[in-house]
Amino acid sequence: MDRLPQLRQELTLTPGAALPEGAPTWMLHDPAANRFFQIGWPAFEILARWGLDDAQAIVDCVNRETTLQVTVADVEALLRMLSQQNLLVSRSATDTDRLAQHAQATRSSSAMWLLKHYLMIRIPLWHPMGFLRRSAGVVAFAYSKVFWYLVGACALAGLFLVSRHWDEFIHTFHGYADAQGIVAVGIALGCAKVLHEFGHAYTAQRYGCRVPTMGVAFLVMLPVLYTDTTEAWKVSSRARRLRIGAAGMLTEIALAAFATLAWSLLPDGPLKAGAFLLATTSWVGTLAINASPFMRFDGYFLLSDWLDMPNLHERAFALGRWWLREVLFGFGDPQPEPFSPARRRFLIGFSFATWLYRLAVFFSIALIVYHAFFKVLGMLLFCVEFGWFIVRPIAQEAAVSWKRRAELRWGRETARTVIVALALIGFLVLPWHGGVSAPAVFGPAQAQGLYTAAPGYLAAQSFARDGQQVAAGDVLAVVVSPDLAYQVKAAQAEEATLRWKVQQQSFDDRLRQQGVALRKRWEGARQAVAGLQAQIDHLTIRAPFDGRVNLPGEAPAAGTWLPRGEHLFDVIGPAGIKGDAYVDEYDVSRVRPGQAVTFIPSLAEAAALHCKVQALDKVNLGALDEPAVASVYGGPIPAEMDRKTNQLVPLQATWRVRVGDCADGVALAREFNGVASLGAGRESLAGRWIREGVAIVQREAGF
């Protein structure tokens, strides 16, 4: 073998943490690229003798001076790694060509660069090492046990006091639902994240690490602060690496503890509002975001250090792919890395949990990207995001399996895969899915509520009983209104006076001078008496048709004063049911008059009703007249209140289906909301999803 190339002089080698089995490791640092490479004992002994400049001499020296037994192949493998990672001094034209080829291979087009970086762009803003060294003494108290005992006491006291005023604490969120509140939350979150990053920076500097940059990263155009603590890999103590990784979250937890206690103790005002924002943003930001091990945030690095597994995601993903291929196809490949059964099961489960978590996150980001831009660009970016981060990994794995199709052998795994695949395809493609489920409101075909026409007290006459059968015109109750009675008597007196004047007009010159105006005044007085008398008559509440009385509440006693508009009775017709079901734009084409309908009331003890579709509205609803089905009142149909018209407006196209002709002559005492199953034609799930997807694309693109 020729003379060995020289190592770059700026490379440093520091002891690393021991492997789980106890073998020592070292960290090889490339300061130009700020990259770290973990090497084992054989590679360290070879590098320590690199100055011998001859592979065979290095092998002989290592085998003679240590208990290791290395070969020239080991030296060549290490040399290839050093060359691939550009850790060797370039002296010849061949080296220059190799570097140029490497640069060309790693260079991407502008479109590819945008594709990879539009979601995450890092901009370094500051080199903080000088400031960190000068101010380290100011924050030294945060590394004492006394301080963290104080933090724990404040957290317990604050959470206890908040639990005593939990409703007030929760309802405070509503005060930040407007634009000003969002800005205030953003400012509080920014302050918490600044302290978070300084927690990482100060802890890394305390343990001898260099913090080259601090800056801002744009995650889907949202600014996020970051601190480069890559040199934490130089720290050989796992406990210290864990402290560096947890420092940011611990800083936010301390901030949240003090802010929570302050919110409980401060009087109402700006300080209390600021404490609330700091407390909530810190708790949520730490527990919901940074603590997650499924993305490369603090929780991931903490878990990686705790398990003592660098590159945790990549190694878990490799194991997950291996397990998936073995379960599906039984290739018989060796395990990527040797792990104990317990560790292997954990890593496989962790890989699948991470994939599912990222699927939800990337799909959410795709939706954010879509709504953040105008329609055409939003749809384009949505397709790019969905295709690159969701479809592409699945397609790549499928391509790997397809290339290895020649290795497939009929066995238990392949038979199981074929059976499951056929069952899944049949489930999606076969038209087994029949019927349409839709929110519905059913009630009696003939029903009317009766209310008081004017304020008054209940007369002593008999009050209709709940469930009493009545005929049209039967008196149900009589309300006496003293004020209305006084108005009637005054109007009658005025009418009598004017009638006398009209009768005497031909005999009195003063009355004759009023002419026809006097008679018109008399006619107006007569109409006023008739109108007031009609109101008096309306105080006698009668049954509008034959039916059964239903009391909405307790029967009031005689003499009870009732306001105007008091709901006294519901009169329910003897038979008949009517109902309205509400279907969306994807199911309306499958509904036809005459189809069977099964209504399941939301009330558990109510029996199901079997009816038929009578009619379908020609156009979609502009407003919902049944509040029970609107989302603003807890219903299933997305809707919002139009403040101008004071109407419930559905947020998606909704059609009303008229239902009637119910079997068995069943009658309902009141309205029920529930779910109606309409006997629509069968269709496949795949066909439905394709139709819905096409409809969404057409609607959103404005075609």
Side-chain angles (χ1 to χ4, degrees), residues 444-464 468 470-547 549-553 555-573 578 622-627 641-649:
Q446 194 176 25
Q448 183 171 333
L450 301 175
Y451 304 82
T452 55
Y457 61 87
L458 195 62
Q461 286 92 336
S462 61
F463 194 81
Q468 177 181 339
V470 295
D474 286 354
V475 176
L476 306 181
V478 177
V479 177
V480 178
S481 174
D483 181 63
L484 199 56
Y486 171 78
Q487 293 181 38
V488 169
K489 290 182 179 180
Q492 288 175 340
E494 176 70 14
E495 188 273 335
T497 300
L498 291 174
R499 185 176 65 248
W500 179 84
K501 288 182 178 181
V502 169
Q503 292 173 351
Q504 299 297 320
Q505 189 175 25
S506 58
F507 306 105
D508 190 318
D509 292 338
R510 288 179 301 174
L511 295 176
R512 269 199 309 270
Q513 292 176 359
Q514 297 183 25
V516 295
L518 182 61
R519 181 171 291 276
K520 289 185 177 181
R521 287 174 56 197
W522 176 44
E523 291 176 356
R526 291 169 59 191
Q527 292 175 1
V529 170
L532 291 171
Q533 192 61 52
Q535 293 185 49
I536 292 288
D537 294 340
H538 289 159
L539 292 177
T540 300
I541 300 175
R542 303 175 183 273
F545 45 78
D546 296 348
V549 174
N550 181 41
L551 297 182
T560 301
W561 188 267
L562 303 173
R564 179 176 180 174
E566 180 75 8
H567 188 188
L568 293 180
F569 306 103
D570 286 315
V571 178
I572 310 300
K578 66 177 181 180
L624 288 174
D625 52 7
E626 290 290 352
M641 181 64 72
D642 189 336
R643 297 181 179 179
K644 295 182 179 179
T645 61
N646 199 30
Q647 289 182 323
L648 290 169
V649 179

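FYI, the numbering just counts along the sequence from 1.
No donor-acceptor distance shorter than 3.5 angstrom exists from the side chain of H538 to the backbone of T540, with no hydrogens or angles considered.
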Kindly determine whether E523 and R519 satisfy salt bridge (Lys or Arg N to Asp or Glu O under 4.0 Å), including the steps that lead there.
CA-CA 6 Å; E523 291 176 356; R519 181 171 291 276; 5.5 Å; no
Please evaluate residues R542 and D474 with respect to the criterion side-chain contact (heavy atoms from CB on, under 4.5 Å), reporting the C-alpha separation (whole Å), side-chain torsions for both, the decisive distance (0.1 Å), and the verdict.
CA-CA 5 Å; R542 303 175 183 273; D474 286 354; over 6 Å; no
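Residue Q492 comes nearest to V529 through the heavy atom pair N-CG2, 3.7 Å, listed as atom of the first residue, atom of the second, then distance. Between S481 and P455, the shortest heavy-atom contact is OG-O, 3.0 Å. The minimum heavy-atom distance between A525 and L498, with the atom names listed, is CB-CD1, 3.7 Å. Contact record, A459 with A558: O-CB, 3.9 Å, taken as the closest heavy-atom pair. Considering all non-hydrogen atoms of both residues, F545 and I572 come closest at CE1-C, 4.1 Å. Residues L458 and A557 come closest through the heavy atom pair CD2-O, 3.7 Å.
Within the 4.5 Å cutoff, the side chain of E495 has heavy atoms near those of the W522 side chain. In this structure, the side chains of R499 and R526 stay at 4.5 Å or more apart for every pair of heavy atoms. Put simply, the side chain of L450 reaches to within 4.5 Å of the side chain of P544, judged on heavy atoms. For the pair L568 and L476, the minimum side-chain heavy-atom distance is 4.5 Å or more. In this structure the side chain of L648 reaches within 4.5 angstrom of the side chain of P627, judged on heavy atoms.
Going from atom CG of L532 over to atom NZ of K489 covers 13.5 Å, rounded to the nearest 0.5 Å.
Taking a 6.0 Å sphere around OH of Y457, one finds it holds 12 or fewer heavy atoms contributed by other residues, nucleotides or ligands.
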